Number of protein chains: 2
Amino acid sequence: METRELRYFVAVAEELHFGRAAERLGIAQPPLSRAIGQLERRLGAQLLERTSRSVSLTDAGSVLLAEARAALDAVAAAERRTRRAAQAPSGRAGLVLGSKAGAANELVAKLLAAYAVEPDAVEVDVLLLGPGQQEQALRDGRADVAILHAPWDDVAGFDTEVLVVEDPAVLVQAGHPLTARDAVDLTELPEAVGVPAPRWPDREGRYAEGPGPEVHDVTQLLQLIALGRTYLVAPVSAATLAGEGVVAVPVTGAPPVTTLLAWPPQSRSVALARFVRVATLR
Amino acid sequence: METRELRYFVAVAEELHFGRAAERLGIAQPPLSRAIGQLERRLGAQLLERTSRSVSLTDAGSVLLAEARAALDAVAAAERRTRRAAQAPSGRAGLVLGSKAGAANELVAKLLAAYAVEPDAVEVDVLLLGPGQQEQALRDGRADVAILHAPWDDVAGFDTEVLVVEDPAVLVQAGHPLTARDAVDLTELPEAVGVPAPRWPDREGRYAEGPGPEVHDVTQLLQLIALGRTYLVAPVSAATLAGEGVVAVPVTGAPPVTTLLAWPPQSRSVALARFVRVATLR
DNA sequence: GCCATCCATACCCGGGCGGTATCGGTCCGG
DNA sequence: CCGGACCGATACCGCCCGGGTATGGATGGC
């Protein structure tokens, strides 16, 4: 299977519509139909159930969709990491650290400072991303190492080292009834706040349907919280970035939030190994 | 990047010889040279240092080799798992369990028996492989779940559940001086045995140079041990399969051997989830 | 019943992949 | 020191395949 075929299949499987998928791929619809047909024939597997009115995935198609996404990420990662390795002079390729925009700022700053004074330290670029985007960046090679928060982020498939374990808190508008309390229990949560959770863009940059406001960065989110339009559950350390009009209330009965460093397991970079060591020694 | 280009590059990077790589790929040498050149131009990266007498990898080339292997494994896995999903009727695709040939036999048997009586149990095929091959099988889709032995097998990138933790032992010829002792310390190890370790085939089925005998399965290995030609370090439970002419001597000072179940993290198969649950509940 | 929609098929064209022939550079043996 | 073996790069050619347009056939809505 060629990556082109996988890209084509993923497009159709996601759109469930040959015409739109073809448009998204920048090709005409007939070659796309033919390519999918050839792929099915060669795999000996029906991937899509199609009538002239609808397209749906078969079981085999669902399997291929998940596997193809992983494979395409791996190919994208290969391309990006090779490009980056080639730019830098021998052995000095920089690192890209993926981090939640705005979250764990202090921790990241200390980490970078501690690493920077190491002998043989390489340049570290920080890639600020929305929630759930760091994992993806790690998988597709945009980042070499990332700050993740278990259990919210999916750590599966990465090597990890725990940095901090803390309790979660809920960030709400100052003056909100909850702020009069010492803590709120997890079981009360969506209702006790009274405002909908924010919606973040998915991997295609689109927003799912729902009641909450659409947000794409943390400053914007904090403003919306300060305006009483939404709320956020975050590690208590996030309280430091809360600022005017936003108050953190501890959440009880919830599993602790683990802030951890994650990186792809096949990585053999000495710079990365050193970075991880510095991070965990502190 | 197309998988064809990745296959070509990996062939050249492994052979470090365009002619041999081309032969292995079943194409002529000139198209291969051209393909690699195009790849380098498009990546903007020199991957190979070549004179007319030798070919070697650049730093960027080393990065691409590691990433390309992972990506090609992912593509191969996509293809195999899709094929398998298509063969079985809806929702009943079987599982493939990778296991070290001969090792953990009892454990595997119990596991399979316990799973088989579950409601909705699907067929489980067992794939017997040489050491270090189960990981590869898991990565390239030949297996869905595997029995691995930490710290010998590389668990990076998989989800795992621990099954058993035990101490290692060394299997030697009956009558060997060591068998008179209660235990042997790890630090004494290669020397105290006096015979070379066996050599297993690598991922291409070839054997590295070295003193030990070439082996490809466990029966053969046990015969060689019984003949006093080699030895093996294994979990103590392996003593049960030792049989005539082979004796297990406990090893001290070594980290315990963990027998665990591993599976690819992106797997969303309900059959696999149930299998893992049965395995860990025992 | 007609039309809009949507996927499949038919057909054509051009780029790119793979082939052979050959060049240019390097190492080695005599 | 020279000729030949070796090896990767280049030149050139033919054909397959991927992409295009046009159109068919099926289905559902008005």
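Predicted model, so just to flag it, every value in this text is computed and none were measured. Just so it is clear: chains get the letters A, B, ... in the order the sequence lines come, proteins before strands, and each one is counted from 1.
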Gap between atoms CD1 and P, on I27(B) and dC16(D) respectively (whole Å): 18 Å
Starting at CZ of R4(B) and ending at C1' of dG18(D), how long is that distance when rounded to a whole Å? 13 Å
For the CD atom on E23(A), are there more than 12 heavy atoms of other groups (residues, nucleotides or ligands in this structure) within a distance under 6.0 Å? no
Looking only at side-chain atoms of P31(B), point me to the closest of dG18(D), dG20(D), dG18(C). dG18(C)
Spacing of L48(B) atom CG and L16(B) atom CG [to the nearest 0.5 Å]: 7.5 Å
Give one of base, sugar-phosphate or nothing for E2(A), where a contact means two heavy atoms less than 4.0 Å apart. nothing
Send over the distance from L32(B) CG to dT20(C) P, rounded to a whole Å. 14 Å
In whole Å, I'd like the distance from the CG atom of L39(A) to the P atom of dC17(D). 16 Å
Which residues satisfy the side-chain hydrogen bond (donor to acceptor under 3.5 Å, both in side chains) test with R50(A), sequence neighbours excluded? E40(A)
To the nearest Å, give me how far apart CD (E23(A)) and P (dG19(D)) are. 17 Å
Heavy atoms under 4.0 Å is the rule here; annotate nucleotides 2-9 of chain D 5' to 3' with B where the base is hit, S where only the sugar-phosphate is, and - elsewhere. ----BSBB
How close or far is atom P of dT10(D) from atom CD1 of I36(B), stated in whole angstroms? 14 Å
Would you mind reading off the distance between E49(A) atom CD and dC7(C) atom P, rounded to a whole angstrom? 14 Å
OG1 (T160(A)) and CG (L261(A)) are apart, to the nearest 0.5 Å, by 9.0 Å
Between dC6(C) atom P and E15(A) atom CD, what is the distance in whole Å? 12 Å
What are the two closest non-hydrogen atoms of F9(A) and L65(A), and how far apart are they? CE2-N, 3.6 Å
Taking R20(B) first and then E14(B), would you say they form a salt bridge - that is, a charged N and a carboxylate O separated by under 4.0 Å? no
